[in-house]
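Reviewing the structure listed below.
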Amino acid sequence: MTGSSANRQKTVFLQSGRGKTSEIAALLEKQILSNAYRAGEHLPAERDLAAEFGVSRNTVRGALDLLEQRRLVKTKWGAGTTVLGPEGTVLMMSAALSTSQHELDNVAELRALIEPGIAALAAQRATGADLITMSNIIEKSSTHMQAKESLSIDMSFHLAIARSTGNALIAALLAFANDATKEVRLSSHATVARRETSLEGHRHIFDMLQARDVQGAQRAMEDHLRQIALVSEFPTEHGI
C-alpha cells in the first residue's frame, strides 16, 4: 500500500437525509488536501465511489461538481475525474492576482479583509510551537535590514500567523497574496521609521496572540495594517 493510498478513507458513515452531496465533497476535499489523492491522479470511477459511500451515482456526481467548482478536480467525459489538488486552486488565485494592478489601496483593502480574522482565529488555535516560531521571527527582525530582507521577514511573520490557524486553505491564501503583493508592499519597509512601525505592530500582535486575546489580536492586526497603509501613502523622501 502506498503512502497516499494509506490515507484514503474506505469506510465512511454518512448522515442520513439531505446533505450527503456536500458531505461526500467535504470528505473527498480533505483527502485531496492531505495528498491522499495527489495532483494528476484520477479519482475512482463514479460507480466505485457510489459503492464506497453507499449512495447513488447522482449524489457522487453532485459532489464532484462541487469539487470542480472549487478548482480541486477536473471532470472530462470519457476520461474520468482528475485531481488538480491545491495546485489548481493556487493557479486560479495567482492568475486573478497577477491581472490586478496591485495598487496600494487594493493591497490594503485585501489585507484588511482577511488578516484581522486570521489573527483572531490564531489567538484561539496557535500552539506553543507556533508561538515560538513567531517569537523567533520577531527576534530576527531588525530596523537596520535592507527593505527586501525586512519585507521577507514581515511576510514570514504574517504567514506564521496564518499557518497557526491549522487551516491549510487560509495559509495558502495568505502565501499567494503575499507573493502577488510583495512589490507594492516593499515601500512599507523603505525607511528605518517604516520598518520600526512594522516591527512594533508585530510585537503587539504577538502579545495578543500569546495572551489568547481573540478580540485584542483582531484589533492589533487592524491597527497594524492601518498604520502600514498610512505610512505607505507618503513618498520615501518625506523620511517617514
Side-chain angles (χ1 to χ4, degrees), residues 1-100 102 106 109-111 113-115 117-118 120-122 124-125 127 130 158-159 161-181:
M1 181 177 294
T2 65
S4 61
S5 61
N7 295 327
R8 295 175 185 171
Q9 190 170 351
K10 292 301 183 184
T11 302
V12 179
F13 299 95
L14 298 173
Q15 298 175 358
S16 59
R18 294 180 299 176
K20 286 186 177 180
T21 296
S22 59
E23 191 175 357
I24 291 171
L27 288 167
L28 290 172
E29 180 176 355
K30 182 177 180 180
Q31 292 174 350
I32 291 170
L33 294 177
S34 66
N35 285 326
Y37 292 107
R38 299 182 184 278
E41 287 187 18
H42 281 79
L43 290 181
E46 286 181 4
R47 63 178 179 275
D48 295 328
L49 289 172
E52 179 180 335
F53 291 117
V55 297
S56 70
R57 290 182 66 173
N58 282 339
T59 300
V60 169
R61 194 171 295 121
L64 295 178
D65 286 343
L66 289 176
L67 293 179
E68 189 162 18
Q69 292 170 22
R70 297 169 190 168
R71 304 296 194 275
L72 290 171
V73 302
K74 179 66 176 177
T75 300
K76 186 176 181 180
W77 189 85
T81 301
T82 305
V83 175
L84 300 178
E87 292 83 356
T89 304
V90 164
L91 289 173
M92 177 186 65
M93 290 165 50
S94 295
L97 287 168
S98 64
T99 57
S100 68
H102 300 169
N106 292 338
E109 186 174 58
L110 171 65
R111 299 187 71 194
L113 280 172
I114 64 175
E115 294 204 52
I118 292 174
L121 194 57
Q124 301 174 59
R125 297 182 178 178
T127 66
D130 291 326
H158 286 270
L159 184 56
I161 295 174
R163 286 174 174 162
S164 75
T165 66
N167 187 318
L169 290 178
I170 289 176
L173 171 63
L174 193 64
F176 284 91
N178 274 350
D179 186 62
T181 62

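Just so it is clear, the structure is predicted and the values come from calculations on it, not from any experiment. Index from 1, following the sequence. Worth knowing before you read on, the calculation uses all heavy atoms, side chains too, and leaves out hydrogens, waters and symmetry mates.
Residues forming a side chain to side chain contact (heavy atoms under 4.5 Å, CB included) with Lys74 (at least two apart in sequence, or on another chain): Glu68, Leu84. Among residues two or more places apart in sequence or in another chain, the side chain to side chain contact (heavy atoms under 4.5 Å, CB included) test is passed with Ala26 by none.
Across all their heavy atoms, Leu49 and Pro44 have their closest contact at CD1-O, 3.5 Å. Of all heavy-atom pairs spanning Val55 and Lys20, the tightest one is CG1-CD, 3.8 Å. What you find for Ala25 and Leu67 is that their closest heavy atoms are O-CD2, 3.5 Å.
Here the CG atom belonging to Asn58 is positioned 10.0 Å from the CG atom belonging to Asp65, to the nearest 0.5 angstrom. Annotation: the span from Glu41 atom CD to Thr82 atom OG1 amounts to 10.5 Å, rounded to 0.5 Å. To the nearest 0.5 Å, the span separating CD1 on Ile24 from CG on Leu66 amounts to 10.0 Å. Taken to the nearest 0.5 Å, the CD1 atom of Ile118 stands 10.0 Å off from the NE2 atom of His158. Interatomic distance, CZ of Arg57 versus CZ of Arg47, reported as 6.5 Å (0.5 Å rounding).
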Begin with the C-alpha distance, continue with both residues' side-chain angles, and end with the deciding distance and a verdict on side-chain contact (heavy atoms from CB on, under 4.5 Å) for Phe53 and Leu28.
-> CA-CA 11 Å; Phe53 291 117; Leu28 290 172; 4.2 Å; yes

Would Leu72 and Val83 count as a side-chain contact (heavy atoms from CB on, under 4.5 Å) if you check the C-alpha gap in whole Å, the side-chain angles of each, and the deciding distance to 0.1 Å?
-> CA-CA 6 Å; Leu72 290 171; Val83 175; over 6 Å; no

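There is no side-chain donor-acceptor pair under 3.5 Å between Thr59 and Thr21.
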Show me the donor-acceptor pairs within less than 3.5 Å that the side chains of residues 163-175 make with the rest of the protein, sequence neighbours left out.
residue : atom : partner : partner atom : Å
Ser164  : OG   : Ile161  : O            : 2.6
Thr165  : OG1  : Ala162  : O            : 2.7
Thr165  : OG1  : Asn167  : N            : 3.2
Asn167  : OD1  : Leu169  : N            : 2.9
Asn167  : OD1  : Ile170  : N            : 3.2

